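In what follows, every chain begins at residue 1, and chains take the letters A, B, ... in the order their sequences are listed. This one's a predicted model, so the numbers in the text were calculated from it and none came from an experiment.
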There are 2 protein chains.
Amino acid sequence: MKKNSVKAVHSLVDTYPKVPLTVDCVIFGFEESKLKVLLIKSDLSIYQGKLSLLGDFVKNNEDLDDAAYRILKERTGMTNVFLDQVKVFGKPDRHPGGRVITIAYCSLLNIQHHALNIHENELDWYDYESLEDMAFDHKQIVDECHSWLQKRIQEHPLGFNLLPDKFSLRELQNLYEAILGVSLDRRNFRKKFASMDLLIDTNEMEQDVSHRPGKLYQFNFTKYEKKKRKWIGIDF
Amino acid sequence: MKKNSVKAVHSLVDTYPKVPLTVDCVIFGFEESKLKVLLIKSDLSIYQGKLSLLGDFVKNNEDLDDAAYRILKERTGMTNVFLDQVKVFGKPDRHPGGRVITIAYCSLLNIQHHALNIHENELDWYDYESLEDMAFDHKQIVDECHSWLQKRIQEHPLGFNLLPDKFSLRELQNLYEAILGVSLDRRNFRKKFASMDLLIDTNEMEQDVSHRPGKLYQFNFTKYEKKKRKWIGIDF
DNA sequence: GGCAATTGCGTAGTTAGTACACAAAGTTAA
DNA sequence: TTAACTTTGTGTACTAACTACGCAATTGCC
């Protein structure tokens, strides 16, 4: 068995194959009862007109998470967003310019809260349901992040990050139905959220609806943080 | 907006920073009521005596999953194992030889079924609970994979992959207790697995135990595959 | 004022999880 | 051989969570 000094380790590492590494951000939002994704039109002529995720190469001494936050900020101007690493995609032929590995990061955010400060390459919110073929393997990446989201939203009340501050229970249910792709019983849905005891009644009502207006609620983020361990805990 | 030809894309990709990429395999097993991990002693002198995951660099045109299977086979001789990608670790200083990104893959397997065909660097099964500081950031990686396992095992009956073909309910419970780090009520535990209706009674009994012997069961893998969608399905 | 749409509340039945008790089967050792 | 000990195997009563519904009340619109 051969042992290596630090110097030897350096030259050992130097001999190994290197690959370009990128981060792609899958940012979900919700508007008009539809799940949206933040996308741009691809720069590459071979992907002309196709939609692409917000992505960029990771810098030499940049932490992966930092790279994701940097990219989001550079491309959209957004800060104060939480990103989660979802999965690595590394098929040798996934990028036309040669082998590129990409790490998918995902986030959910309130469209009203995060204005798009930068307007390049038709950066905009696109309907998740209407997405067809995208640049690279980005459709697959978005779909995997969507599955991740479906799972996460059933374990944690993450949906609130996608809604305006004040929302009706109907809006909340629309959100869950849009993400999960199912229809839910209205009464049981309310009961579930009522029993969680994380909604604050604002004593305000919906405006400009052509039917009986619903109450508006706020999510009690403070209380949620305290209860969090309940969701993480073991209940086998 | 500048459009790029394929050729231009190639040269564009070539200008970006590249990093060495590795895969590390976290293989869990179970023996003598203890959760084990398959590890080796580190090659590197600065990590002398410390334990290390099974890892290697990803080859130039190698798919990431393929790399994980190759590494496992090269280092242990094992085939017929399912590996799951868990997370990427990429802190700039995580490797003493320079920046190296690693992708952690995880698996669970039956120690009896998978003999260690290769014996280098003290390759062996080590108690998970007794692990202390390891080479690189490998302790952190193992811990993250352990958390992943705790979650997965509560959503899918994966535990059976760690047990011998025929096992008693006590062994099954020991496994869950070892992985989850909690003690469970014996009667409720049995009831839970009985209600899942995935155990086959072999009509055999435990041998060589110094108390009343328990029945031996087999896991009904075929039936599980059919029921799988139930676990994956939406139950909101 | 009547119709349509939607909110808000409630109840009954089922399923899943928790907290227990106790007899039966085997080993060990006086 | 039998009493003490350990562990298995089964059961019951209670509680919490989920499901499938019914129906009156509020608003907009014609």
Salt bridge between B:D133 and B:K50, side-chain N to carboxylate O under 4.0 Å?
yes
Atom NZ of B:K192 and atom C1' of C:dA19 are separated, to the nearest Å, by 16 Å
Q. Hey, would you say the A:F82 and A:Y105 ring centroids sit under 6.0 Å apart?
A. no
inquiry  = Under 4.0 Å between a side-chain nitrogen and a carboxylate oxygen: does that hold for A:D124 and A:K36?
reply    = no
B/S/- along nucleotides 2-13 of chain D (protein heavy atoms under 4.0 Å) is ----BBBBBBB-
Original post:
Between B:L116 and B:L38, is any pair of side-chain heavy atoms under 4.5 Å apart?
Top reply: yes
Ring centroids only, cut at 6.0 angstrom: are A:Y224 and A:F160 within range, meaning strictly under it? no
Separation of C:dG17 atom P from B:M196 atom CE, nearest Å, is 11 Å
In whole angstroms, the gap separating C1' of C:dG8 from CG of A:L172 amounts to 16 Å
Taken to the nearest whole Å, CD/A:Q154 to C1'/D:dA17 is 15 Å
In whole angstroms, the gap separating P of C:dT7 from CD of A:E171 amounts to 10 Å
Hits for side-chain contact (heavy atoms from CB on, under 4.5 Å) against A:R75, two or more places apart or cross-chain, chain-then-number order -> A:I40, A:L54, A:I71
Atom CZ of B:F189 and atom C1' of C:dA19 are separated, to the nearest Å, by 17 Å
Atom CG of A:D201 and atom P of C:dT7 are separated, to the nearest Å, by 15 Å
